[in-house]
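Labels below follow one simple rule: chain letters A, B, ... track the order of the sequence lines, proteins then strands, and each chain is numbered from 1. Bear in mind the structure is a predicted one, so any value in this text is a computation, not a measurement.
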Amino acid sequence: MRWSKLFVPTLRDAPADAEAASHKLLVRGGFMRQLHAGHYSMLTLGMRVHSKVAAIVRAEMDAIGAQEFQLPTMHPMGLWHKSGRSELMGDEMFRLADRKGTELALGVTEEEVFTTLALELSSYKQLPQHWYQIHTKFRDEPRPKSGLLRVREFTMKDSYSFDLDEAGLDASFDLHYDAYVRIFTRLGLSAMPVEASSGSMGGTESIEFMVPSPAGEDDVVRCPSCDYAANLERSVSVIPTVVDEAGPDAPVRFATPGVRTIAALEEIDGGAPAERQIKTMVMVLDDEVTLALLRGDHQLNLQKLQDATGAAEVRAATPEEALAAMGANPGSLGAVGVELRVIADPALAGRTNMTTGANDDDWHLRGVDVGRDISVSEFAELRDVSVGEGCPKCGTPVEIVRCIESGHIFKLGRKFTEAFDAKVLDPNGKAQHMIMGSYGIGIDRAVATIVETYHDDRGIVWPVAVAPFEAVITIASMKDEAGVAAAEKIYADLGAAGVDVVIDDRKARAGVKFADAELVGIPFRITIGKALADGEVEVTRRAGQITERVAVDSAVSWVVDAVQAAR
RNA sequence: CGGGAUGUGGCGCAGCUUGGUAGCGCGCUGCGUUCGGGACGCAGAGGUCGGGGGUUCAAAUCCCCCCAUCCCGACCA
């Protein structure tokens with residue numbers, strides 16, 4: 001390609017509303033432009049990177065025997081009613097109607113459509129089937145942000161496996177796991193597999209591939225000395241046991257005027273340290289008012305509560321709802337004698353002589369024995385893990401790392417095959433619902449994640465495998481006829497050698513060309529200018545900005561070798 | 001959904017307090033000089049001042065409503 005013909009609108013200043021490095025650099029480098037919130041136009045440079053990322057994903061999916069499909073993105077709403085996900089997705093789904101009034105939806109994922117196709121599978125002999133596509137998805141995110149990292153319209157590689165039984169699913173899952181490891185390695189991303197919540201979709205095993213980055217939105221709990229890693233919403237930790245003193249035979253009411261917080265209850269006469277308090281949170285789970293109990297110094301993780309209960313919607317009760325259900329205002333609530341469903345964190349199991357609200361404003365109870373005084377419906381992990389708590393595997397203090405979720409694989413189970421009645425005959429001639437796995441990688445998010453990982457103060461530093469061009473030939477002066485001729489020769493030879501090369505033949509000053517090449521992030525640059533007098537050109541590696549001079553005649557082989565070594 | 005901020009030429013911004021008919025830097029076009037790290041001079045092009053309504057002789061500026069975008073939080077197969 002000739003840069004003089006390309007549309008690469010680089011900017012000296014980043015748009016004022018860009019925060020994330022990838023957002024700024026992809027816009028400044030002329031890779032993309034925002035159309036509106038959460039929707040980006042990919043320009044030619046962006047599309048080149050996008051295509052290269054997609055090609056790597058495609059190659060690795062093909063390598064495990066997966067078959068590429070392309071499904072509609074606009075679906076009849078009936079499909080989503082059938083799977084029960086219309087309600088589940090709620091406002092996250094873009095919904096529309098056609099001229100006849102037929103309800104339609106834009107695909108958030110494609111389990112429904114793939115499962116519809118799987119109805120044509122009839123025998124276990126056809127299994128496993130691994131089907132995938134690389135296609136547009138829509139999610140009406142409440143808050144698009146950070147450029148490509150969180151958008152409403154995006155490209156995702158989504159694949160689905162169909163197996164006869166759990167053993168088959170395990171094998172399909174492992175194939176994908178290995179493919180994902182290879183994909184992220186090729187993309188240059190150090191993605192770590194972590195245990196994750198499979199969310200409201202159920203399913204058993206769920207693994208997210210997480211790339212550490214301050215631009216991320218997920219917290220991963222990781223052990224520095226063993227292989228334990230889990231999404232915060234799935235993590236557990238070991239904490240020291242609190243030894244309780246013996247308490248009274250029954251809870252004792254005591255006045256706590258004005259006390260509304262854990263901290264205030266620690267301070268007041270007759271109060272208790274936070275770890276000796278029971279925090280009572282009034283939650284609404286699919287319209288059922290429920291109490292979530294935690295140790296006073298612990299934080300509730302909503303996703304854990306959702307996972308533990310299987311509720312589709314989990315939210316905190318409003319103060320009015322809490323008052324109606326408990327007879328007191330938040331700050332004075334407790335579970336003693338309450339008839340509602342009560343879910344308690346295991347850190348409260350067996351605890352005695354604790355302090356909690358009395359369900360009477362300005363009153364609390366002390367001497368509360370969890371087993372004796374509270375009818376706990378169930379115990380479930382509800383609390384957030386904190387830095388420094390013990391690794392559940394080896395006890396080492398854990399750390400928490402901010403990450404970008406780059407991939408997610410999980411065992412879906414039979415939810416969809418049962419909803420759509422997708423069955424095959426097993427070896428005994430008996431019809432069985434197939435079991436599914438679901439696997440996703442966001443292509444655009446991967447592009448942004450690569451930029452987050454690989455940039456410096458001059459611009460992007462693309463890994464060769466995904467760079468918009470592998471090499472750029474920079475002609476210092478277009479008036480230098482010998483230079484132009486030498487550059488054209490190298491350009492032709494590199495092209496013939498299969499290198500993805502662009503020649504910067506713009507009538508611009510050298511400084512402009514250097515700055516653009518660096519901002520855009522092309523891995524190798526051949527500069528043809530003053531060195532030519534000595535029969536040489538300069539070759540520069542973008543990573544580290546290392547320049548050396550080589551003979552004109554060996555420039556092509558130098559670049560070919562460098563590119564091949566890095567591909 | 002709660003809190004905060006912003007909307008003026010392609011990008012970055014000033015002007016608004018105190019109304020008088022729009023300006024700066026970058027970019028863009030032409031000519032000249034320059035030519036290895038985002039050159040310089042001269043001459044130009046380009047703006048419904050987010051939208052609607054109102055006040056006023058007069059609104060980018062004051063008032064009301066709406067919209068959009070960004071940030072923090074909530075939420076997020």
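The CD-P distance, from A/Gln303 to B/A74, rounds to 14 Å in whole Å. Taking atom CZ of A/Phe514 as the reference point, atom P of B/A39 lies 12 Å away to the nearest angstrom. Taking atom NZ of residue A/Lys513 and atom P of nucleotide B/A39, one finds them 13 Å apart after rounding to whole Å. A/Leu300 has its CG atom 12 Å from the P atom of B/A74, to the nearest Å. For the pair A/Lys24 NZ and B/C71 C1', the interatomic distance rounds to 13 Å; values are reported in whole Å. Per the geometry, CZ belonging to A/Arg28 stands 12 Å off C1' belonging to B/G12, to the nearest Å.
No close placement of the A/Phe469 and A/Phe524 rings is indicated, their centers lying 6.0 Å or farther apart.
For the segment residues 33-45 of chain A, the set of residues with a heavy atom within less than 4.0 Å of an atom of RNA chain B comprises A/Gln34, A/His36, A/Ala37, in numerical order.
Residue-level contact check: A/Ala316 touches neither bases nor backbone, having no heavy atom under 4.0 Å from any strand. Within the nucleic acid shown, A/Pro15 comes within 4.0 Å of sugar-phosphate atoms alone, with no base atom in reach, counting heavy atoms only. Residue contacts shown for A/Ala16 are limited to sugar-phosphate atoms, with no base heavy atom under 4.0 Å away. Across all strands, A/Thr527 comes closer than 4.0 Å to base atoms (heavy-atom distances). Among the protein residues, A/Arg315 comes within range of no part of the nucleic acid, since none of its heavy atoms lies under 4.0 Å from any strand. As judged by a 4.0 angstrom heavy-atom cut-off over every strand, A/Ala517 is placed among residues making no nucleic acid contact. Contact annotation for A/Glu19: backbone-only contact, meaning every heavy-atom pair under 4.0 Å involves sugar-phosphate atoms and none involves a base. Residue A/Ser146 is classed as a sugar-phosphate contact, given heavy-atom separations below 4.0 Å to backbone atoms only. At the heavy-atom level, A/Lys145 lies under 4.0 Å from the strands shown only through sugar-phosphate atoms. Here A/Arg549 lies out of heavy-atom contact (under 4.0 Å) with every strand.
Side-chain atoms of A/Arg85 and A/Thr109 form a donor-acceptor pair, as typed in the model, at a separation below 3.5 Å.
Between the side chain of A/Ser438 and the base of B/A77, a donor-acceptor pair under 3.5 Å is found. Under 3.5 Å, the side chain of A/Glu111 and the base of B/A77 form at least one donor-acceptor pair of N or O atoms. A donor-acceptor contact under 3.5 Å is formed by the side chain of A/Arg525 with the base of B/G37.
Among the nucleotides B/A77, B/G38, B/G25, the one closest to any side-chain atom of A/Ala515 is B/G38.
Base pairing analysis places B/A77 opposite nothing; no Watson-Crick or G-U wobble pair with both distances below 3.5 Å involves it. The nucleotide B/G19 finds no pairing partner, because no Watson-Crick or G-U wobble arrangement with both distances shorter than 3.5 Å includes it. Both distances falling under 3.5 Å, in either a Watson-Crick or a G-U wobble arrangement, place B/A43 opposite B/U29. With a cut-off of 3.5 Å on both Watson-Crick or G-U wobble distances, the partner of B/A68 is given as B/U6.
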For residues 71-78 of chain A, tabulate all N or O donor-acceptor pairs below 3.5 Å that involve a side-chain atom, not counting sequence neighbours.
unit_1  : atom_1 : unit_2   : atom_2 : d
A/Thr73 : OG1    : A/Thr136 : O      : 3.3
A/His75 : ND1    : A/Trp80  : NE1    : 3.1
A/His75 : NE2    : A/Pro72  : O      : 2.9
A/His75 : NE2    : A/Glu110 : OE1    : 3.1
A/His75 : NE2    : A/Glu110 : OE2    : 3.4

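By the side chain to side chain donor-acceptor pair (under 3.5 Å) test, A/Thr309 is found to be paired with no residue, residues two or more places apart in sequence or in another chain being considered. Partners of A/Lys157 under the side chain to side chain donor-acceptor pair (under 3.5 Å) rule, at least two apart in sequence or in another chain, are A/Ser159, A/Tyr180. Judged as a ring pair (Phe, Tyr, Trp, His ring centres under 6.0 Å), and not counting sequence neighbours, A/Tyr491 has no contacts. Shown here are the ring pair (Phe, Tyr, Trp, His ring centres under 6.0 Å) partners of A/Phe173, two or more places apart in sequence or in another chain: there are none. For A/Arg95, there are no salt bridge (Lys or Arg N to Asp or Glu O under 4.0 Å) partners at least two apart in sequence or on another chain. The ring pair (Phe, Tyr, Trp, His ring centres under 6.0 Å) check on A/His176 picks up A/His130, A/Tyr439, with sequence neighbours excluded. Annotation: ring pair (Phe, Tyr, Trp, His ring centres under 6.0 Å) contacts of A/Phe162 (sequence neighbours excluded): A/Trp131. With sequence neighbours excluded, the residues satisfying side chain to side chain donor-acceptor pair (under 3.5 Å) with A/Glu518 are A/Arg458, A/Arg525, A/Gln545.
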What does the list of N/O pairs under 3.5 Å between the protein and nucleotides 32-34 of chain B look like, with a distance for each?
unit_1 : atom_1 : unit_2   : atom_2 : d
B/U34  : O2     : A/Arg509 : NH1    : 2.7

Protein N or O to nucleotides 2-4 of chain B N or O, pairs below 3.5 Å:
none

